[in-house]
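Single-structure report; data block below.
Count residues from 1 along the sequence.
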Amino acid sequence: MPTRHETGPVADAMPSTVLFYLLAAMAAGTFTAAIYSVLGTFIVDEFEISRAQLGLVVALNTTTGGLVSPYVGRVVDRLGGGYSLQLLFLMAATSFALNAIAPVLAIVFLAALVGGVAQAFANPATNKVIAYRVPLEARATVTGIKQSGVQLALFFGGILLPTIAEALGWRWAFAIVALVSVIGAYGTHRSRHGVSSGAGESHVGGPPEISSAVRWLSIYGLLMGLSGGALFFLPLFAEEELGQSIRVAGLAVAVVGLTAVV
């Protein structure tokens, strides 16, 4: 049963700014792989790598997120939702910045790894805030809205990033996204009262026993990941096999994101 500390503040209406930061956190935390998808052709040309090597970058990002997620969940319990959101934004910004300045492919791999840890923070941190700040009857709705932050990032990234990359260069596209993430960290810090939630509530005796429901949800998540992974190379396919421009390729990703939001 939830403790009073976990549910006490939910009587207050959650400010719309808090929901905005939840959306932004989901976008920042999961956007590393998406930006590799949209700007993949630039990375392939810059570092003279194969499509398989680009896929390895994405695989490192998502695998890291999966492996560290159980540990990150406990960290979020200790830090609380507010501090965890700030940490998420800063790690995402670090990942994007490393990509922007990467002189060699090894730094891109490092950026993918850091982005994977940020991705692992996305759901635990945002769900922690929701569990602590949102009344029980509204949690599913708020969770659905904040989850669309992932798809909103795909939508705006698919539309804007190809234009930025063509006008200023792909590194500037990464740098701009890094700056936006830093702004997100600052904004969350300024709104820390609204997103603070249950610090120090981790399980002292170790993680709780995993129920069969969680195992089934894990299988469901695996299938979702496999289906989503097929979309990572959609822009490259559009450019190389169909002869489309990078803007059209980005638009294909944007359509996927917009559909998923609905």
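A side chain to side chain donor-acceptor pair (under 3.5 Å) check over residues 99-110, counting only residues at least two apart or in different chains, returns the pairs Y36-N99.
Residue Q147 holds its CD atom at 8.5 Å from OG1 of T30, rounded to the nearest 0.5 Å. Note that CG of L152 is 11.0 Å distant from CZ of F31, once rounded to the nearest 0.5 Å. Summarising the geometry, atom OG1 belonging to T32 is positioned 8.0 Å from atom CZ belonging to F174; distances are rounded to the nearest 0.5 Å. Taken from CD1 in I176 to OG in S181, the straight-line distance is 12.0 Å, to the nearest 0.5 Å. Taken from OG in S148 to CG in L154, the straight-line distance is 11.5 Å, to the nearest 0.5 Å. E46 CD to L105 CG: the interatomic distance, rounded to the nearest 0.5 Å, is 10.5 Å.
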*Does the pair Y186 and F89 meet the rule for a side-chain contact (heavy atoms from CB on, under 4.5 Å), with working shown?*
CA-CA 9 Å; Y186 176 74; F89 279 117; over 6 Å; no
_I246 vs F42, side-chain contact (heavy atoms from CB on, under 4.5 Å): CA-CA, chis, key distance, verdict_ = CA-CA 10 Å; I246 185 173; F42 292 99; 2.7 Å; yes
*Going through the distances and angles, do V129 and Y21 end up as a side-chain contact (heavy atoms from CB on, under 4.5 Å)?*
CA-CA 11 Å; V129 175; Y21 287 121; over 6 Å; no
*asked:* Could you go through V18 and R133, starting from their C-alpha distance and side-chain angles, then the distance that decides it, and tell me whether this counts as side-chain contact (heavy atoms from CB on, under 4.5 Å)?
replied: CA-CA 10 Å; V18 175; R133 290 282 167 185; 5.7 Å; no
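A donor-acceptor pair is defined here as one N or O able to donate and one able to accept, closer than 3.5 Å; such a pair exists between the side chain of S95 and the backbone of A111. For T63 (side chain) and L60 (main-chain N/O), no donor-acceptor pair under 3.5 Å exists by modelled atom type. Under a 3.5 Å cut-off, the side chain of R247 and the backbone N or O of P162 do not form any donor-acceptor pair. For the pair Q53 (side chain) and S50 (backbone), a donor-acceptor distance under 3.5 Å is present. Side-chain N or O atoms of T62 include one that pairs as donor or acceptor with a backbone N or O of V58 at under 3.5 Å. Judged by distance alone, the side chain of R171 and the main-chain N or O of A102 form a donor-acceptor pair under 3.5 Å.
T188 approaches G82 most closely through the heavy-atom pair CG2-O, 4.0 Å. Nearest heavy-atom pair, A185 versus L90, reported as atom, atom and distance to 0.1 Å: CB-CD2, 3.8 Å. A254 approaches I159 most closely through the heavy-atom pair CB-CG1, 3.7 Å. Listed here is the closest heavy atom pair of Q151 and V261: CB-CG2, 3.5 Å. Across all non-hydrogen atoms, the minimal contact from A173 to L39 is CB-CD1, 3.8 Å. Closest non-hydrogen pair, L98 versus I107, comes out as O-CG2, 3.7 Å.
The cluster map of Ile, Leu, Val, Met, Phe, Trp and Tyr, joined by side-chain heavy atoms under 4.5 Å apart, puts V255 and L160 in different clusters. Hydrophobic cluster membership differs between L258 and V150, with clusters built from Ile, Leu, Val, Met, Phe, Trp and Tyr side chains linked at under 4.5 angstrom. One hydrophobic cluster, built from ILVMFWY side chains closer than 4.5 Å, holds both L110 and V104. Cluster membership check: V72 shares its hydrophobic cluster with V114, using side-chain heavy-atom separations under 4.5 Å among Ile, Leu, Val, Met, Phe, Trp and Tyr. When hydrophobic clusters are built by joining Ile, Leu, Val, Met, Phe, Trp and Tyr residues whose side-chain heavy atoms come closer than 4.5 Å, directly or via intermediates, M26 is not grouped with L23.
The shortest distance between side-chain heavy atoms of F109 and L56 falls below 4.5 Å. Taking the side chain as every heavy atom from C-beta outward, N61 and L113 never approach each other to under 4.5 Å. Side-chain contact between V177 and L161 is present, with at least one heavy-atom pair separated by less than 4.5 Å.
Membership of an apolar cluster is not assigned to L67, as no side-chain contact below 4.5 Å to another ILVMFWY residue is traced.
Side chain to side chain, K146 and N123 meet the donor-acceptor criterion of an N or O pair below 3.5 Å.
Ring geometry for F47 versus W170: interplanar angle over 60°, hence perpendicular rather than tilted (30 to 60°).
With sequence neighbours excluded, the residues forming a side chain to side chain contact (heavy atoms under 4.5 Å, CB included) with V182 are A93, listed by chain and number.
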